[in-house]
Protein chains: 2
Amino acid sequence: MLLYQKIRNYIQDLLAQGSMQPGSKLPSERSLQDTFNSTRITVREALARLEAEGLIYSQKRRGWFVTSKKLSWHPARKVNFNRLTKEQGFEPKTEVISIEAPSSGYHVAKEHFSGEALFKLTRVRKVDERAILMEEIYCLESRFEGLDKQALNGSITDVMSMHYNVEISHEKCVISVTVLPDEVAQKLEKNSGAPCLKVKRARYDGQKQLVDYNVEYWLHDAIEMVVEGI
Amino acid sequence: MLLYQKIRNYIQDLLAQGSMQPGSKLPSERSLQDTFNSTRITVREALARLEAEGLIYSQKRRGWFVTSKKLSWHPARKVNFNRLTKEQGFEPKTEVISIEAPSSGYHVAKEHFSGEALFKLTRVRKVDERAILMEEIYCLESRFEGLDKQALNGSITDVMSMHYNVEISHEKCVISVTVLPDEVAQKLEKNSGAPCLKVKRARYDGQKQLVDYNVEYWLHDAIEMVVEGI
DNA sequence: CAGTGGTCTAGACCACGAT
DNA sequence: TCGTGGTCTAGACCACTGG
């Protein structure tokens, strides 16, 4: 058997035994190197596989940690992040990074909103103190006047409903696997190059008008998506 | 800038220029190493990032190649693989790996079919000669007698409808990001450890009886999922 | 057969985290 | 300050692909 597979199996066994709880720290790369009379390159090969598999994750220069149970997510439903995560036994937290309404349009403005002025809301969402999602929400400045004065660390759907009388009635998501862009990786305290699920979501009201357009970057090991159909 | 990022950018530029078409072969690792006066480790770091990003892919010991446009897939719809891929300009192909009905039950049998005897159909699906999907389909032996004598390289939904008068009316998918299990990687001519989308799908008839249970492994760079909701 | 990617060794320096 | 992961060098042998 290949050496990096031995190391991988060794760590998998550590996890399976239950001797390592979610969130706890693995032995350092150099100590694993000594354990197996090997080199860091090979140890890191094993760790990378386990990371891709979703069993462990690294935080920049802090170390390697055991992944928690995945969050079950319904991309095609109006979901309340805080409620959903609590139902599944996690402690949610939302941080507003910025809300901007610059005079110059964004790229998405041209593509989806025919060039009109937009708000851009950027947020990071955490479960159990681990940042697992960064999202950018774009919506019309004219339709949501004063949005930047609202409380934005809860459900945007609720804010739109309560303060602007706008209801979402349909949405379309496109989901792909890619890597975190560098600026997103930084916000989530990950290395650039970390795999992720990218979700692009367009939401419409009853008149089939586009209400908002979201781009979400989910850590690949933090989520599983549930879709029901027909 | 980091060296592996320089190499990554260099290759990205090659792709963006259009000088490299989908499916064409990249320079070898050793030639890139010479170009940048670097080492294979560093070159492979750059290639791994580009692979994770979905821009290139490797085939075992054959080399690195440029990825094609992604296939758009609606996981929550009854879709005909052959029709869908052709509509998007690809040339589809389905290979039946095996169909078995062993006396001993499968693990899924216990979990989903309360222990009854099952067929297990294993197939690989290709677009433009590239294997991008391996799937296992489980269904009741008693309900689909003689299924192993049917033509199984087309739509299973059609076979069930035409020969067994069974119609799918509802389905539920669970989608996660992980790595190809070793035996799947082999079938798809990939290294073990290649990232993938894993789709577990349960399909029900009008009486809410479970008709079949599928496990699909999609190459992460070959597909983007489209989901519409509410 | 030559060339390719897959695996591996034995080191090194750096930036950043924890303390 | 010390330990950590992040990046990098300069080689090596092997299994397999392709001509």
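Here is the naming used below: chain letters follow the sequence lines, and residue numbers restart at 1 for every chain. These numbers were taken from a predicted model, which means no experiment stands behind them.
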Original post:
Once you round to the nearest 0.5 Å, how far does CE of Met134(B) lie from CG of Leu219(B)?
Top reply: 12.0 Å

**OP:** Answer yes or no: does a side-chain N or O of Ser28(B) lie under 4.0 Å from OP1 or OP2 of dT4(C)?
**Re:** yes

Original post:
Between dG17(C), dT17(D), dT9(C), which one does the side chain of Arg62(A) approach most closely?
Top reply: dG17(C)

Original post:
Quick one: Lys60(A) NZ to dC14(C) P, roughly how many Å, whole number?
Top reply: 18 Å

Subject >> Between Tyr213(A) and Phe113(A), ring centroids under 6.0 Å >> reply: no

**OP:** Round to a whole Å and report the spacing from CD of Gln33(B) to P of dG3(C).
**Re:** 15 Å

Original post:
Taking OP1 and OP2 of dC8(C), is either one under 4.0 Å from a side-chain nitrogen or oxygen of Ser38(A)?
Top reply: no

Subject >> Value in whole Å for how far the C1' atom of dG18(D) lies from CZ of Phe65(B) >> reply: 11 Å

**OP:** Look at the side-chain N and O atoms of Asn191(A) and state whether any lies under 4.0 Å from the OP1 or OP2 oxygen of dG6(D).
**Re:** yes

**OP:** Let me know the distance between CD1 of Ile56(A) and P of dG5(D), rounded to the nearest Å.
**Re:** 10 Å

Original post:
Between Trp64(A) and Thr39(B), which is nearer to the 5' end of DNA chain D once each is assigned its nearest nucleotide?
Top reply: Trp64(A)

Subject >> Spacing of Gln186(A) atom CD relative to dC16(C) atom C1', expressed in whole Å >> reply: 13 Å

Original post:
In terms of side-chain heavy atoms, does Ser38(A) have a donor or acceptor partner in Gln33(A) at a distance below 3.5 Å?
Top reply: no

Original post:
Looking at Tyr4(B), does any N or O in its side chain come under 4.0 Å of the phosphate oxygens OP1/OP2 on dT7(D)?
Top reply: yes

Subject >> Whole-Å gap separating P (dC8(D)) and CE (Met1(B)) >> reply: 11 Å

Original post:
Below 4.0 angstrom from OP1 or OP2 of dG5(D), is there any side-chain N or O of Arg44(A)?
Top reply: no

Original post:
Cation over ring, Arg44(A) on Tyr4(A), under 6.0 Å and within 45°?
Top reply: no

Original post:
Looking for any heavy atom pair under 4.0 Å, which part of the strands does Ile41(B) touch: base, sugar-phosphate only, or nothing?
Top reply: base

Subject >> Any Thr42(A) side-chain N or O less than 4.0 Å from OP1/OP2 of dT7(C) >> reply: no

Subject >> Separation of dG3(D) P from Lys25(A) NZ (nearest whole Å) >> reply: 13 Å

Original post:
Is Arg40(B) side chain donor-acceptor paired with the dG6(C) base, going by distance under 3.5 Å alone?
Top reply: yes

**OP:** Tell me which nucleotide among dT7(D), dT7(C), dC14(C) gets nearest to the side chain of Arg49(A).
**Re:** dT7(C)

**OP:** Look at Arg30(B) and dG3(C) and indicate whether a side-chain polar atom (N or O) is within less than 4.0 Å of OP1 or OP2.
**Re:** no

Subject >> Test side chain to side chain donor-acceptor pair (under 3.5 Å) applied to Arg125(B) and Asn153(B), Thr85(B), Asn82(B), Thr94(B), the passing residue >> reply: Thr94(B)

Original post:
Looking at the side chain of Glu29(B), which of dG6(C), dG17(C), dG6(D) is the nearest nucleotide?
Top reply: dG6(C)

**OP:** Using atom CZ of Arg61(A) as one end and atom P of dT4(D) as the other, report the distance to the nearest whole Å.
**Re:** 14 Å

**OP:** Validate the cation-pi geometry between Arg123(A) and Phe81(A): distance from NZ or CZ to the six-membered ring centre under 6.0 Å, angle to the ring axis within 45°.
**Re:** no

Original post:
So which one's nearest nucleotide on DNA chain C is more toward 5', Gln5(A) or Gly63(B)?
Top reply: Gly63(B)

